[in-house]
Amino acid sequence: MGIEIERRFLVDGRSEKPWREGTPKAISQYYLEGVSLNEGVITCNGANLANTDEVLENISTWRVRKFGEQFFLTAKGRKSGATSIEFEWEITEEVWSKLDKSNFASVMKTRYLWNNQDGLLWEIDEYEGDLSGLIIAEVELDSEDQPVQIPDWTKMELTHLRGWSNAALSTMIKDSKQN
C-alpha cells in the first residue's frame, strides 16, 4: 500500500517567485467517474487503464494525469490529517488518448520544483484556466511530525482544510459551469 504524507499551503503570487528558477512542467489532470476493478484490471467507461495486484479499498478519488510527456493513473484514499493512501501506475499515451475525458472534472497547471534550505523538495503549482491566479505549494514528508522550514512566500496552510484538494477544486469548477 502506498502512503502519501504532504502539507499544502496557499501561496501569495504577488511577491517574489523563487520557485520559477526551476524548469516548469505542464500538468493536465482529470478526475474519473465510473472506475471499476475486475480481476486485476482497472477500467473506466470501457477503457482498460491499468493492471494491478494491489488490494484497492477505501479509494475515494481516481485521476489520470499528463505530466510533461508522461501519463499516470492514480488512486487516492481519503486524507486523515496529512496522510492518505495513494497508488500510481504509469500508463501509455495510447491509453490516455483513448479515454474520453470530456465529461470529467479537471485542472490544468504548471508545476515547478523548488529545493528549500532544509533539503525538502517543494512542488509549486500555478493553476490555469478557471483557477488562474491560484498558486498552491506542497511538500511531501516521511512522517506527519517531520520538521519543515516553511518558506516566507507561503501563506495559509491548507493541509487540514476541506475543499482545497485538486479533486475538490476541479469538481467545484465543473459544478459551477453546469449551473
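Being a predicted model, the structure only gives us computed values, none of them experimental.
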[X] side chain near [Y] side chain, heavy-atom distance below 4.5 Å:
| X | Y | result |
| --- | --- | --- |
| W89 | I42 | yes |
| W122 | V148 | yes |
| F71 | V64 | no |
| H160 | K79 | no |
| W153 | E16 | no |
| L37 | E54 | no |
| D175 | I173 | no |
| P151 | W114 | yes |

Taking the six-membered ring where the residue is Trp, are the ring centres of W62 and F104 under 6.0 Å apart?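 Between W62 and F104, the centre distance exceeds or equals 6.0 Å.
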On a heavy-atom basis, which atom in [X] and which in [Y] lie closest, and how many Å separate them?
| X | Y | result |
| --- | --- | --- |
| S170 | V107 | CB-CG1, 3.7 Å |
| L169 | G163 | CD2-O, 3.8 Å |
| T110 | Y112 | CG2-CE1, 3.8 Å |
| G77 | S60 | C-OG, 3.4 Å |
| I135 | G13 | CD1-CA, 3.6 Å |
| A50 | L73 | CB-CD2, 3.9 Å |

Return yes if some donor-acceptor pair links the side-chain N/O of [X] with the main-chain N/O of [Y] below 3.5 Å, else return no.
| X | Y | value |
| --- | --- | --- |
| D118 | Q149 | yes |
| T92 | V95 | yes |
| S97 | E94 | no |
| K174 | N103 | yes |
| T171 | A168 | no |

Consider only side-chain heavy atoms of I, L, V, M, F, W and Y, link residues closer than 4.5 Å, and tell whether [X] and [Y] are in one cluster.
| X | Y | result |
| --- | --- | --- |
| I124 | I150 | yes |
| I59 | L32 | yes |
| L10 | L131 | yes |
| V139 | W164 | no |
| L134 | Y31 | yes |

Run the salt-bridge test on [X] and [Y] with the 4.0 Å N-O cut-off and return the result as yes or no.
| X | Y | answer |
| --- | --- | --- |
| K109 | E128 | no |
| E126 | R111 | no |
| E88 | R63 | yes |
| R7 | E140 | no |
| K66 | E90 | no |

Should we say atom [atom1] of [X] is surrounded by more than 12 heavy atoms from elsewhere, each under 6.0 Å from it?
| X | atom1 | answer |
| --- | --- | --- |
| E144 | CD | yes |
| D142 | CG | no |
| E69 | CD | no |

Working to the nearest 0.5 Å, report the span between [atom1] of [X] and [atom2] of [Y].
| X | Y | atom1 | atom2 | value |
| --- | --- | --- | --- | --- |
| S165 | L158 | OG | CG | 10.5 Å |
| L121 | N116 | CG | CG | 10.0 Å |
| Q29 | F67 | CD | CZ | 10.0 Å |
| N48 | K98 | CG | NZ | 9.0 Å |
| K76 | N58 | NZ | CG | 15.5 Å |
| F87 | T74 | CZ | OG1 | 11.5 Å |

N166 vs R8, test: side-chain contact (heavy atoms from CB on, under 4.5 Å). Steps then yes/no. CA-CA 11 Å; N166 285 308; R8 298 178 53 134; 4.0 Å; yes
Give the C-alpha distance, both sets of side-chain angles, the deciding distance and a yes or no for side-chain contact (heavy atoms from CB on, under 4.5 Å) between I27 and R65. CA-CA 7 Å; I27 296 177; R65 168 189 279 176; 3.8 Å; yes
Test salt bridge (Lys or Arg N to Asp or Glu O under 4.0 Å) on R78 and E57; report intermediate values, then the result. CA-CA 11 Å; R78 296 205 188 287; E57 297 176 335; over 6 Å; no
Begin from the C-alpha positions of L113 and E123 and carry the test side-chain contact (heavy atoms from CB on, under 4.5 Å) through to its verdict. CA-CA 5 Å; L113 301 178; E123 298 174 341; 3.6 Å; yes
Quick one: does NZ or CZ of K155 land under 6.0 Å from the six-membered ring centre of F9, within 45 degrees of the ring axis?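 The answer is no; the distance or angle limit is not met.
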Could you check whether K101 makes a cation-pi contact with W96, meaning its NZ or CZ is under 6.0 Å from the centre of the six-membered ring and within 45° of the ring axis?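 Geometry flag: set, cation within 6.0 Å and 45°.
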Would you please say whether a donor-acceptor pair under 3.5 Å links the side chains of [X] and [Y]?
| X | Y | result |
| --- | --- | --- |
| Y30 | D100 | no |
| N38 | S36 | no |
| E157 | T159 | yes |

side-chain contact (heavy atoms from CB on, under 4.5 Å) assessment of I5 paired with Q146: CA-CA 10 Å; I5 304 169; Q146 181 177 347; over 6 Å; no
